[in-house]
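Below is one structure, written out as structure tokens; comments come after it.
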2 protein chains.
Amino acid sequence: MQKETQETLCSKVEESYHIIGKKWMGLIIHCLMEEPKRFGEIHAFIPDLSKRVLNERMKELEECGVVLRNVITERPVRTEYSLTKKGAELGKALKAVEAWADKWL
Amino acid sequence: MQKETQETLCSKVEESYHIIGKKWMGLIIHCLMEEPKRFGEIHAFIPDLSKRVLNERMKELEECGVVLRNVITERPVRTEYSLTKKGAELGKALKAVEAWADKWL
DNA sequence: CCCTTGTGGTTACTTTATGTAACCATATTA
DNA sequence: TAATATGGTTACATAAAGTAACCACAAGGG
């Protein structure tokens with residue numbers, strides 16, 4: 001028998017876990033916190049993350065407004081990714097998780 | 001050319017994102033924050049999460065000390081999952097993410 | 001002119017993770 | 001005797017991620 005107080009899931013909460021619950025998302029946001037970075041720099045920072053998936057993640061982060069993509073039209077073309085305000089605040093929230101990690105892991 | 005300040009990834013940070021970066025992890029911890037719950041209750045709370053994966057996630061959470069499994073030897077056998085101290089503190093950290101979600105999503 | 005370099009991708013294919021539905025063991029109840 | 005309830009487990013299908021080769025572009029060297 002279920003409890004009477006049938007809790008229900010807040011869609012915002014659900015959506016946030018859908019974002020940070022994807023593989024590599026946390027680390028990507030973490031590595032953009034200090035300063036904007038180029039594609040290759042992120043890739044160098046997280047070597048186990050393939051270019052294919054990194055590109056996919058960056059598109060997702062751009063689409064949900066966490067990251068801004070700035071294509072620099074020099075040659076060779078460079079792309080710089082930076083956190084938006086929204087993204088920077090997500091990064092700050094994730095610092096709580098990192099503090100937990102530092103204490104417990 | 002890479003920057004001189006070659007940042008390197010803290011393994012604790014990496015590990016924490018390896019935990020919360022798995023599908024459903026955040027929601028499972030979220031739903032255990034109020035009170036301990038049984039297998040079926042978690043499953044009812046997150047209907048799209050299959051029993052197969054839920055069971056797998058609970059084993060992982062138990063193994064990394066975030067969750068405690070308590071098998072109640074009544075019939076039918078019931079299993080109650082509760083957050084450990086470590087898990088409760090992770091939950092508190094995740095509240096920062098949920099607050100972000102509430103503001104930005 | 002052709003060849004190599006560096007960037008940020010993309011492609012085709014393999015491997016891993018997750019979803020799905022059926023099944024199981026146990027005891028209680030109808 | 002059959003159905004119910006719990007917390008799983010199993011075999012198989014689909015989706016996500018890993019891997020390595022490739023591409024476009026211009027710059028620079030020979």
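Here is the naming used below: chain letters follow the sequence lines, and residue numbers restart at 1 for every chain. This one's a predicted model, so the numbers in the text were calculated from it and none came from an experiment.
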At under 4.0 Å, does any side-chain N or O of [X] touch on OP1 or OP2 of [N]?
X: B:K59; N: D:dG7; value: no
X: A:N55; N: C:dT10; value: yes
X: A:R69; N: C:dG9; value: yes
X: B:R38; N: D:dG8; value: no
X: B:W24; N: C:dG19; value: yes
X: A:T79; N: C:dT7; value: no

What distance separates B:C10 SG from A:H30 NE2, expressed to the nearest 0.5 Å?
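The SG atom of B:C10 sits 7.5 Å away from the NE2 atom of A:H30.
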Would you compute the distance between atom NZ of A:K23 and atom CG of A:D48 and round it to the nearest 0.5 angstrom?
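One finds 8.5 Å between NZ of A:K23 and CG of A:D48.
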Taking atom [atom2] of [N] as reference, at what distance in whole Å does atom [atom1] of [X] sit?
X: B:L49; N: D:dG8; atom1: CG; atom2: P; answer: 13 Å
X: A:H43; N: D:dA20; atom1: NE2; atom2: C1'; answer: 12 Å
X: B:I42; N: D:dT6; atom1: CD1; atom2: P; answer: 14 Å
X: A:K23; N: C:dT15; atom1: NZ; atom2: P; answer: 16 Å
X: A:K22; N: C:dT18; atom1: NZ; atom2: P; answer: 12 Å
X: B:M58; N: D:dG8; atom1: CE; atom2: P; answer: 9 Å
X: B:I46; N: C:dG19; atom1: CD1; atom2: P; answer: 11 Å
X: A:L54; N: D:dA16; atom1: CG; atom2: P; answer: 18 Å

For residues A:T79 and A:N70, determine if any side-chain heavy atom of one lies less than 4.5 Å from a side-chain heavy atom of the other.
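With C-beta onward as the side chain, the pair stays apart.
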Taking the side chain as every heavy atom from C-beta outward, state whether B:E62 and B:L68 have any atom pair closer than 4.5 Å.
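The answer is no; the side chains never approach within 4.5 Å.
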Are the charged groups of A:E60 and A:K22 less than 4.0 angstrom apart, N to O?
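Here A:E60 pairs with A:K22 in a salt bridge, since their nearest N and O are under 4.0 Å apart.
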Identify the heavy atoms of B:R38 and B:Y81 that sit nearest to each other, and give their distance.
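Answer, listing the atom of B:R38 first, then B:Y81: C-CD1, 4.5 Å.
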How does protein contact run along nucleotides 20-30 of chain C, one letter per nucleotide 5' to 3', with B for base contact, S for sugar-phosphate only, - for none, heavy atoms under 4.0 Å?
B-----SS---
Just to be sure I understand the rule, does B:E74 reach a base, reach only the sugar-phosphate, or reach nothing, if contact means heavy atoms closer than 4.0 Å?
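The answer is nothing, as B:E74 stays clear of every strand by at least 4.0 Å.
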Under 3.5 Å: donor-acceptor pair, side chain of A:S16, backbone of B:E98:
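Not at all, since once roles are kept as given, no pair shorter than 3.5 Å links the two residues.
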